[in-house]
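Worksheet: the structure to be examined is printed underneath.
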Amino acid sequence: PKHPYSHRLPPVIVTPESLTSLSLVTCLTKYGIVLDAGSSHTSLYIYQWPAEKDNNTGRVEQKHHCQVAGKGISSYTATPYKAGESLISCLKEAKENIPQKMHPETPLYLGATAGMRLLKLENSSASDEVFKAVEKTLRGFPFSYQGARLLAGQEEGAFGWVTVNYLDDRLTQVSMGGFKYTSVHGNESGLETTGALDLGGASTQISFVSDEYNGSESPDNAVSFRLYGYDYTLYTHSFLCYGKDQALRLSGPTAIMDPCFHKGYNETKHYAAVYDSPCVSDQKPQIVSETFIHLGGGNFTQCQEVIKSVFNFTSCRYSRCSFNGIFQPPLQGQFGTFVLFIYTQRFLIISIHFSPSQRLQIKKEHDIPLKYLAEYCFSGTYILTLMMEGYNFTSETYSSIKYIQKVSCDAGWTLGYMLNLTNMIPAEAPDSPPLTYTSYVSVVTVMAILLFVIFILILYSLCALLIQIMPILGNI
Ligand SMILES: O=c1[nH]cnc2c1ncn2[C@@H]1O[C@H](COP(=O)(O)OP(=O)(O)O)[C@@H](O)[C@H]1O
Ligand SMILES: [Ca+2]
């Protein structure tokens with residue numbers, strides 16, 4: 001039998017156009033792609049968010065992570081085209097992970113960090129060639145290419161801070177009516193935010209909001225944000241050459257017996273591999289010996305002495321410094337760390353809490369590359385020195401550090417970078433201006449007074465009623 005209403009509805013003919021429009025309607029998710037071109041490797045991240053909340057508080061989540069095979073793009077100076085080619089496999093994965101109809105409107109960003117900063121210092125034309133090759137590859141994919149650029153250290157630190165506070169819900173809570181607090185200077189600001197600590201291979205960043213810092217002293221370290229209706233003046237600094245890999249070079253590449261490596265460690269190091277960085281150009285020995293044996297000595301206290309030697313804790317022309325004469329205001333609030341801090345902390349916990357056979361099992365499970373295993377003692381000692389002697393953490397503040405490893409999202413600068421460029425964190429609060437703490441208290445007080453008055457009125461009318469009906473009740 002014919003459907004009673006079939007005469008009213010035009011027959012839906014399934015055509016490619018109708019399918020496309022149907023699928024567009026169903027495409028309630030938007031995507032963004034960011035490539036993190038680090039000194040040691042490149043990672044591709046795909047982020048997604050609800051389309052109807054574009055430019056608003058739509059919760060951005062990480063949908064996919066692809067680690068590019070091979071080293072960082074800065075290692076392809078001799079064959080720049082390979083820097084572009086190295087990205088192809090992860091970009092193809094991105095095509096498979098994003099609905100095809102969304103490709104043209106999916107922004108594609110590449111940000112390069114300390115590895116390319118060092119290459120630019122050393123050989124800027126080689127750096128340009130690498131970026132050209134990378135751009136050519138990225139433009140060859142059907143996404144909305146938004147540029148491949150070198151991030152300044154301050155940017156890397158600031159966007160890492162945005163990521164940490166976005167993942168920690170520190171930025172949106174205020175606009176959702178969360179409490180505000182007035183800082184020591186009496187200026188209103190949002191919730192206490194979380195500082196960010198990022199340790200990479202060629203640089204390390206520290207970023208945090210301090211009530212003692214408004215950008216007047218050492219303005220180069222100030223980055224201002226207006227997020228969800230609140231102004232933040234961030235202190236941020238990126239120490240180039242103080243990432244783990246470069247610090248390893250700084251800490252005495254010619255040391256035959258390196259106390260930061262375990263007893264029995266034995267590696268032949270090639271001259272170029274140790275001295276091919278501008279971080280140690282002033283340490284190059286006159287006699288160029290092609291290779292030298294690098295042995296482990298395994299003495300912790302000596303290791304800490306070797307590592308302390310790469311820092312200058314004394315020179316400071318400001319009111320206070322961290323190290324190497326860099327201004328740093330007093331630490332404030334909690335800190336979140338990611339990347340290498342987490343790898344190292346995880347390894348040291350495994351080493352302390354598990355038996356050798358369990359460790360072997362975990363090493364297989366976590367597939368901890370052998371290369372990293374030997375360096376963990378150095379990394380652990382380096383992090384301790386950087387934090388306690390460099391940034392002036394105390395054992396108390398150090399113990400409050402959070403290791404940001406959200407299942408939903410790898411922490412790092414890439415999420416903050418994309419949130420900023422896609423305006424996913426509006427400068428103004430999307431809803432009504434958040435209640436300030438004071439107004440919140442006054443609202444509650446007024447409500448309490450109102451309720452009390454209503455209660456009295458009800459009591460009064462009940463009494464009046466009782467007085468009216470008492471005589472009647474008495475007669476009955
Ligand atoms: O699984 C791991 N275990 C230990 N260290 C790792 C692991 N994966 C990466 N790393 C280290 O983390 C650091 C990542 O640095 P990145 O490549 O981001 O450099 P950058 O941020 O200075 O440009 C490198 O030192 C790399 O060796
Ligand atoms: Ca990095």
Side-chain angles (χ1 to χ4, degrees), residues 31-47 64-98 100 103-153 155-156 200-203 240-241 243 245-246 249 269-281 290 339 369 371 410 412-414 417-418 421:
Y31 302 88
I33 305 170
V34 184
L35 286 107
D36 171 0
S39 64
S40 71
H41 73 290
T42 298
S43 280
L44 179 145
Y45 297 98
I46 301 177
Y47 297 105
H64 186 70
H65 166 226
C66 175
Q67 175 133 334
V68 169
K71 295 184 172 181
I73 59 172
S74 54
S75 63
Y76 294 101
T77 43
T79 50
Y81 72 92
K82 285 188 178 173
E85 279 185 356
S86 69
L87 309 179
I88 290 174
S89 148
C90 279
L91 286 163
K92 282 181 177 168
E93 246 182 61
K95 276 176 67 176
E96 290 149 18
N97 278 277
I98 296 172
Q100 190 180 353
H103 288 174
E105 60 176 284
T106 298
L108 170 63
Y109 305 95
L110 178 135
T113 54
M116 287 302 283
R117 277 178 221 134
L118 290 174
L119 179 59
K120 190 168 176 60
L121 284 176
E122 203 175 16
N123 181 343
S124 66
S125 58
S127 160
D128 295 344
E129 288 309 308
V130 167
F131 272 118
K132 269 188 213 146
V134 159
E135 175 168 354
K136 184 168 172 261
T137 300
L138 295 174
R139 284 187 182 283
F141 279 80
F143 303 113
S144 166
Y145 175 67
Q146 299 295 316
R149 58 183 279 268
L150 182 64
L151 257 65
E155 288 183 290
E156 185 178 6
S203 73
L240 190 59
C241 296
D245 302 329
Q246 295 299 333
R249 288 184 168 94
K269 289 232 170 180
H270 291 271
Y271 179 87
V274 177
Y275 290 105
D276 67 349
S277 153
C279 297
V280 286
S281 43
E290 263 313 298
V339 190
K371 156 181 167 30
D410 291 318
W413 61 267
T414 51
Y417 187 66
M418 198 206 67
L421 290 177

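Keep in mind the model is a prediction, meaning the values are calculated, not measured. Computation of the quantities below employed the complete heavy-atom set of this structure, encompassing side-chain atoms and omitting hydrogens, waters and symmetry-equivalent molecules.
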So, the side chain of [X] versus the backbone of [Y]: is there a donor-acceptor pair under 3.5 Å, distance only?
{"X": "Q246", "Y": "G243", "answer": "no"}
{"X": "H103", "Y": "I98", "answer": "yes"}
{"X": "S127", "Y": "N123", "answer": "no"}

Which atoms form the tightest heavy-atom contact between I73 and A112, and what is the distance?
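Minimum heavy-atom separation between I73 and A112: CD1-CB, 4.4 Å.
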
Side chains of D276 and R249: does their closest heavy-atom pair fall under 4.5 Å?
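Yes, their side chains come closer than 4.5 Å.
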
Side chains of Y81 and K136: closer than 4.5 Å at any heavy-atom pair?
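They are not in contact (no side-chain heavy atoms under 4.5 Å apart), so the answer is no.
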
From [X] atom [atom1] to [Y] atom [atom2], the distance as rounded to the nearest 0.5 Å:
{"X": "K95", "Y": "C90", "atom1": "NZ", "atom2": "SG", "result": "14.0 Å"}
{"X": "N97", "Y": "H64", "atom1": "CG", "atom2": "NE2", "result": "4.5 Å"}
{"X": "D36", "Y": "H41", "atom1": "CG", "atom2": "NE2", "result": "6.0 Å"}
{"X": "L118", "Y": "L240", "atom1": "CG", "atom2": "CG", "result": "4.5 Å"}

Take atom CD of Q67 as the centre, draw a 6.0 Å sphere, and report whether it contains more than 12 heavy atoms from other residues, nucleotides or ligands.
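Yes - once you tally the heavy atoms of other residues, nucleotides and ligands closer than 6.0 Å, there are more than 12.
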
Tell me whether K132 is salt-bridged to E135, with the criterion being a basic N under 4.0 Å from an acidic carboxylate O.
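The answer is no: the pair does not qualify as a salt bridge.
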
Does the plane of the ring in Y47 sit parallel, tilted or perpendicular to the ring in Y45? Use 30° and 60° as the thresholds.
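Geometry flag for Y45 against Y47: parallel rings.
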
Derivation of the side chain to side chain contact (heavy atoms under 4.5 Å, CB included) call for S203 and T113:
CA-CA 8 Å; S203 73; T113 54; 5.7 Å; no

